[in-house]
Amino acid sequence: QLQLVESGGGLVQPGGSLRLSCVVSGGPSGDYEIGWFRQAPGKEREGVSCISRSGAIIRYGDSVEGRFTIYRDISKSTVYLQMNNVEPEDTAVYSCAAKVPSGKVCPFSYSDMDSWGIGTLVTVSS
């Protein structure tokens, strides 16, 4: 069974940087499309970024475009989310999810995904 474990969350000041990691186990991470999602208190979950199995297709949500970067290291079975110039509005629980390729191209909705991590909390505050 595929498992995803996020790490790297924490407290960061506005304008700072943070890198989140999503380690995939139980199957070759390179076989899956990966998405990052976030949910802030009192708000609906939103898609942050996604990367195709090959890495050729990458998408970002409008609110993070130009500030966040998604990339994967197949050798480490890990997908990263580099967060730069963070804002208080980025405060949320960030979770990664995996999807078996089906022909649908990212971005994906949370319900499209097949396996989910439990998330890591990012707090942006001075």
Side-chain angles (χ1 to χ4, degrees):
Q1 184 175 354
L2 199 66
Q3 292 186 323
L4 297 91
V5 178
E6 305 92 340
S7 63
L11 176 64
V12 59
Q13 292 187 343
S17 297
L18 208 60
R19 189 180 74 166
L20 306 183
S21 300
C22 171
V23 178
V24 181
S25 62
S29 65
D31 286 355
Y32 301 92
E33 324 264 13
I34 301 293
W36 280 98
F37 299 84
R38 69 183 182 184
Q39 187 165 23
K43 295 186 177 181
E44 293 186 357
R45 183 180 290 110
E46 66 172 325
V48 176
S49 183
C50 57
I51 185 168
S52 65
R53 181 176 59 174
S54 68
I57 298 174
I58 291 175
R59 297 287 184 268
Y60 298 98
D62 290 342
S63 60
V64 307
E65 180 83 53
R67 299 187 297 119
F68 291 10
T69 302
I70 189 172
Y71 60 100
R72 63 196 310 165
D73 186 335
I74 298 297
S75 67
K76 296 181 178 179
S77 297
T78 302
V79 176
Y80 300 96
L81 184 69
Q82 177 67 43
M83 307 167 60
N84 295 330
N85 193 24
V86 296
E87 304 168 351
E89 293 74 23
D90 295 321
T91 295
V93 174
Y94 286 72
S95 58
C96 61
K99 182 183 182 307
V100 176
S102 63
K104 184 175 181 180
V105 178
C106 77
F108 305 113
S109 66
Y110 197 71
S111 60
D112 286 333
M113 313 307 282
D114 298 303
S115 300
W116 303 265
I118 63 173
T120 184
L121 175 63
V122 172
T123 303
V124 182
S125 175
S126 56

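By convention here, the first residue in the shown sequence is residue 1.
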(request) May I have the step-by-step check of side chain to side chain contact (heavy atoms under 4.5 Å, CB included) for Thr69 and Tyr60, ending in yes or no? (result) CA-CA 8 Å; Thr69 302; Tyr60 298 98; 3.8 Å; yes
(request) Would you please say whether a donor-acceptor pair under 3.5 Å links the side chains of Ser109 and Ser111? (result) yes
(message) Looking only at the side chains, is there a donor atom on one of Tyr80 and Arg19 sitting less than 3.5 Å from an acceptor on the other?
(response) no
(message) Which heavy atom of Ser125 sits nearest to which heavy atom of Pro14, and what is that distance?
(response) C-CD, 3.6 Å
(request) Go through the steps for Tyr110 and Ser95 under the test side chain to side chain contact (heavy atoms under 4.5 Å, CB included), then give the verdict. (result) CA-CA 10 Å; Tyr110 197 71; Ser95 58; 4.0 Å; yes
(request) Show your working on side chain to side chain contact (heavy atoms under 4.5 Å, CB included) between Val12 and Met83 and close with a plain yes or no. (result) CA-CA 10 Å; Val12 59; Met83 307 167 60; over 6 Å; no
(request) Please name the pair of heavy atoms, one in Ser49 and one in Ile70, separated by the smallest distance, quoted to 0.1 Å. (result) OG-CG2, 3.1 Å
(request) Give, for atom CD of Gln82 and atom CG of Leu20, the distance between the pair rounded to the nearest 0.5 Å. (result) 8.5 Å
(message) As an exercise, state the distance from CD1 of Ile57 to SG of Cys106, rounded to the nearest 0.5 Å.
(response) 6.0 Å
(request) Before giving the answer on side chain to side chain contact (heavy atoms under 4.5 Å, CB included), spell out for Phe108 and Glu33 the whole-Å C-alpha distance, their side-chain angles and the decisive distance to 0.1 Å. (result) CA-CA 9 Å; Phe108 305 113; Glu33 324 264 13; 3.7 Å; yes
(message) More than 12 heavy atoms of other residues, nucleotides or ligands under 6.0 Å from CD of Glu87: yes or no?
(response) yes
(message) Does Lys76, at its NZ atom, have more than 12 non-hydrogen atoms belonging to other residues, nucleotides or ligands within less than 6.0 Å?
(response) no
(request) Using a cut-off of 6.0 Å, state whether more than 12 heavy atoms not belonging to Arg72 lie near its atom CZ. (result) yes
(request) Taking the side chain as every heavy atom from C-beta outward, state whether Thr120 and Ser7 have any atom pair closer than 4.5 Å. (result) no
(message) What's the separation between atom CZ in Phe68 and atom CG in Asp90, rounded to the nearest 0.5 Å?
(response) 4.0 Å
(message) Within this structure, what is the CH2-CG distance for the pair Trp36 and Leu81, rounded to the nearest 0.5 Å?
(response) 6.0 Å
(message) Nearest 0.5 angstrom please: Phe37 CZ to Cys50 SG, how far?
(response) 7.5 Å
